[in-house]
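Note sheet for the following structure.
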Amino acid sequence: MDGGQTPMIPIISAAKSNNMKLSNFFAILAFFVVLSGCATIKQKKLLEAESAAPTHVHCALPKDEPPMMQPEALELNNAFLSISDELPPPVITSEHNWFPHIGTFIRFDYPPDVDFDWFYFKIWQGKEQKVFQVVPRGKRHTYKKSLHELQLTDTTTPIQYEIYSVKGAKRSPSTFSNFLQITPKPLAQDAYTFKYKLETRFGYDASGNIDHSGGWTAEEVQQLTTIIDRGLPILLELCGNTVIPDTLMIYKHQQYTGSNVFQPSGYWVGMGKFAGPRVLFHELIHAIFYELLGLNRFGIFDTQLAGFYESRAEALAFIAMNRYIERYGKDDFVPYYGNTSDLSADLDFRNVDNLTTKGFWSDQNGMGLALERYRVGAALIEKIENEHPGTHRRFFQQYIKDLDSGIPPSREMVVNNYLKLFDTIEGIDTRKWFDSFRSFDAQIVPGKKVFLWKYRRFDFDGFGEYNRVYLSETYPNGSEWSFDTLRHRLNGAKGFLSIADYQGNKVFADSIQLKPTDNPPVFNGFGSYEFNVSSEPKDKTQRFKTDDNPFVQISDLGLYTITATFGEISQTEYRVYGKELGNLGGIAGGIIGASNGVVSFEHSETDETDMYTIQNGAFAGKASFANVFNSKYKQSKAIPGELTITYTNTEGEQFRTKRQISYGDYIGNLFFLFDLSQMEPVKQLLNCEETLEKIKKLLKE
């Protein structure tokens with residue numbers, strides 16, 4: 001749908017001559033190894049411009065490995081390197097071999113006082129070499145390789161690792177692993193135990209290098225052990241059995257200060273410091289699933305599955321936090337953190353077309369769009385688990401059965417697995433429900449698009465909303481940043497922005513331009529136009545006093561539309577504005593297609609019916625199930641459960657829909673957007689005479 005929103009009801013290159021000098025070869029090799037790291041750092045800086053650091057750094061991105069070397073380079077390398085006793089061989093500490101669905105890697109150790117350049121590792125099958133690859137000196141594991149990556153058509157002959165260190169033209173003696181069979185291994189068995197180890201011998205500095213004085217301290221070990229040992233039973237309740245009975249390494253890693261990362265290559269989690277249990281739980285869920293939910297049939301991460309993969313971990317981490325607090329309360333280990341998906345409170349307003357993607361992480365947080373995608377997805381996964389408890393444990397069991405039976409992972413496979421578990425979600429056919437949300441589309445839709453980023457605050461006199469307008473282009477590879485020689489170059493674009501009330505009258509209209517106007521290589525980021533909306537004058541709204549961005553005051557309650565247009569590219573979204581949203585402490589929303597009438601809410605866990613009159617397509621007020629003080633959380637929350645929403649027009653006709661809600665926003669508010677055309681007509685009026693009388697009275701008023 002153009003511009004609108006459909007609310008859900010609502011290797012380096014080889015030397016080609018063996019006469020090449022040794023020094024030249026190593027210079028080239030070093031260049032490419034360094035170049036690979038520099039490129040990664042440069043790209044990260046480019047794509048994270050104009051963006052705050054994300055809360056999580058997720059494993060799915062990326063394989064942080066240099067390219068594999070071609071046979072010519074291998075022969076050259078073997079011809080010139082000489083074995084030296086000055087370099088001790090690495091010591092293999094563990095061998096990981098989980099075919100066919102996952103793959104293989106080894107962990108190893110090396111003396112901290114030895115000076116060397118890097119490690120080489122090879123994988124052999126009989127006399128045939130399958131892999132030759134460089135491992136940076138800071139690593140203590142090889143890179144996970146699948147059957148497909150190793151091109152292992154012979155699954156009867158075992159494989160074997162060879163690994164050695166290199167310094168200039170010298171190399172250490174080789175260390176060989178045991179012979180590893182390629183026979184299929186069962187996953188997620190009842191007998192499997194999730195194991196972890198907090199590395200105290202060393203950590204990693206901000207450049208990713210080994211820091212032998214930077215491991216976890218005794219105090220940190222005690223704190224983390226307490227939290228993990230408390231949380232693991234909860235996580236396993238939600239996820240089911242761990243995929244593999246391997247030991248997860250947890251490193252102190254200063255590259256991830258304030259964030260966490262799970263890396264399936266090496267099977268480890270890194271974090272610069274403890275950033276709260278929810279963030280850690282997210283990565284532990286990835287480790288339990290072993291990124292299996294994001295792998296294609298070849299054991300390689302597939303971006304079209306990232307929406308399910310990331311959103312599931314995020315949602316289950318929130319749910320796990322709720323159960324954690326219910327069992328242990330909010331103690332010193334649990335500072336204030338949201339205990340529901342960031343966007344679940346106003347999900348109806350966020351299901352917009354530009355969430356559709358196959359390149360889930362393509363904007364790399366440059367616009368905040370990647371975060372929007374997986375957080376919207378997390379809110380959806382949370383709805384499912386809350387309505388159908390135990391879903392994702394059962395889902396994962398079925399997922400593994402499908403893999404073992406040869407069904408390739410895909411969006412269709414994922415949706416079909418949910419269909420096997422239940423027929424409806426929020427009263428809607430399961431397939432139709434999934435098809436209604438853009439986060440799980442897993443498609444590439446090339447072309448230019450407008451993204452309207454928003455952040456709202458409701459906990460002070462005078463509701464306020466921060467907004468940014470972005471213009472981006474989805475390339476044929478699904479990226480919104482670059483493709484081949486193409487790169488984002490839309491900064492400085494001129495357009496038009498308008499805000500209209502329910503009757504279509506413009507309350508704000510202005511020509512706009514995205515700033516900065518410079519494009520790569522001058523400015524490597526996404527330009528935007530920023531504006532703010534409040535129900536109070538700017539001089540009375542403290543949050544905007546020092547803000548030079550355009551300011552729009554809207555006091556009258558109503559359902560409004562925001563439209564941003566750049567030539568033929570346009571995006572329109574709905575908003576509820578009005579002074580009633582200041583210090584709301586309840587619920588607010590709008591009904592597309594209903595200018596007046598009454599809307600009522602019945603909560604599955606309470607006996608009360610909350611009613612609101614519709615004003616200019618919108619409603620707002622206190623609610624018996626929202627902004628309620630919760631003694632366990634020591635703050636106000638919404639009451640989780642199912643809402644039945646009934647709209648009654650002035651002719652007495654009724655229409656109904658459902659919503660599964662969680663704890664609301666940071667103070668328990670909730671926001672809804674319904675579409676009358678997608679609500680189910682009610683054949684007869686409610687039987688409750690008291691409710692009928694209330695509706696009639698409100699309609700008269």
Side-chain angles (χ1 to χ4, degrees), residues 55 276-279 314-315 317-350 375 378-379 382-383 385-387 454-466 534-536 541-543 557 576-589 599-612 618-645 659-673:
T55 305
R278 184 182 63 76
V279 185
E314 185 77 343
F318 279 119
I319 296 171
M321 273 310 305
N322 293 332
R323 297 185 184 182
Y324 185 100
I325 293 173
E326 288 167 2
R327 297 182 190 183
Y328 303 107
K330 295 186 71 173
D331 52 26
D332 293 339
F333 297 149
V334 187
Y336 173 75
Y337 282 96
N339 57 292
T340 189
S341 172
D342 304 51
L343 308 184
S344 68
D346 65 343
L347 178 63
D348 290 348
F349 293 88
R350 296 182 179 271
R375 286 172 175 168
E382 187 176 20
K383 281 178 177 281
E385 185 67 32
N386 288 345
E387 181 173 338
K454 56 267 187 186
Y455 177 72
R456 304 163 184 170
R457 298 288 296 190
F458 303 88
D459 58 342
F460 64 98
D461 289 331
F463 152 76
E465 179 182 77
Y466 301 82
S534 176
S535 60
E536 295 293 321
T541 307
Q542 59 177 347
R543 294 180 184 274
L557 179 66
V576 172
Y577 293 140
K579 62 180 181 298
E580 287 81 358
L581 274 65
N583 276 333
L584 175 62
I587 70 172
V599 61
S600 65
F601 291 76
E602 296 177 76
H603 195 288
S604 60
E605 303 301 317
T606 69
D607 297 327
E608 298 186 46
T609 299
D610 297 278
M611 295 185 183
Y612 310 87
F619 58 90
K622 305 299 180 182
S624 61
F625 54 86
N627 192 240
V628 178
F629 184 77
N630 187 309
S631 58
K632 291 183 179 179
Y633 295 92
K634 301 178 183 179
Q635 63 188 97
S636 293
K637 294 291 180 184
I639 302 172
E642 182 179 83
L643 291 176
T644 299
I645 301 98
R659 286 292 187 274
Q660 187 70 218
I661 64 168
S662 188
Y663 288 88
D665 70 0
Y666 46 92
I667 55 172
N669 292 323
L670 293 160
F671 309 91
F672 303 96
L673 180 62

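It should be emphasised that the depicted structure is a prediction, and the values quoted were computed from it without experimental measurement.
Residues satisfying the salt bridge (charged side-chain N to carboxylate O under 4.0 Å, His left out) test with E580, not counting sequence neighbours, are none. Take S624 and apply the side-chain contact (heavy atoms from CB on, under 4.5 Å) test, not counting sequence neighbours, and it matches T606, E608, D610.
Between the side chain of K383 and the backbone N or O of Q660, at least one donor-acceptor pair lies under 3.5 Å. With hydrogens and angles ignored, the 3.5 Å screen pairs no side-chain donor or acceptor of K637 with any backbone N or O of A626. Panel note: side chain N627, backbone S636; no donor-acceptor pair is recorded below 3.5 Å.
Side-chain contact between N669 and D346: absent, with no pair of heavy atoms (C-beta onward) separated by less than 4.5 Å. Proximity of E314 to R278: side-chain heavy atoms (C-beta onward) are separated by under 4.5 Å at one or more points. For the pair S535/L581, no side-chain contact is recorded, criterion being any heavy-atom separation below 4.5 Å from C-beta on. Using a 4.5 Å cut-off on side-chain heavy atoms (C-beta onward), Y633 and I325 make contact. For the pair I661 and F672, the minimum side-chain heavy-atom distance is below 4.5 Å. For the pair N322/Y663, a side-chain contact is recorded, criterion being any heavy-atom separation below 4.5 Å from C-beta on. Residues D348 and R659 form a side-chain contact, since some pair of their non-hydrogen atoms from C-beta on lies under 4.5 Å apart.
Put simply, CD1 on I587 and CZ on F671 are 10.0 Å apart, with the number rounded to the nearest 0.5 Å. Between atom CZ of residue F318 and atom OG of residue S344 there is a gap of 8.0 Å, rounded to the nearest 0.5 Å. We find the CD-CE distance between E602 and M611 to be 8.0 Å, quoted to the nearest 0.5 Å. To the nearest 0.5 Å, atom CD of residue E465 and atom OH of residue Y455 are 11.5 Å apart. Note that OG of S604 is 9.5 Å distant from CD of E387, once rounded to the nearest 0.5 Å.
The heavy-atom pair separating E605 from P640 by the smallest distance is CG-O, 3.7 Å. Contact record, G641 with H603: CA-CE1, 3.8 Å, taken as the closest heavy-atom pair. Of all heavy-atom pairs spanning A315 and A378, the tightest one is CB-O, 3.2 Å.
The aromatic rings of F601 and Y612 sit perpendicular, their planes meeting at an angle over 60°, well past the 30° parallel limit.
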Step-by-step side chain to side chain contact (heavy atoms under 4.5 Å, CB included) determination, I639 to N630: CA-CA 9 Å; I639 302 172; N630 187 309; over 6 Å; no
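A salt bridge is absent between D665 and R456: the closest approach of a Lys/Arg side-chain nitrogen to an acidic carboxylate oxygen does not fall below 4.0 angstrom.
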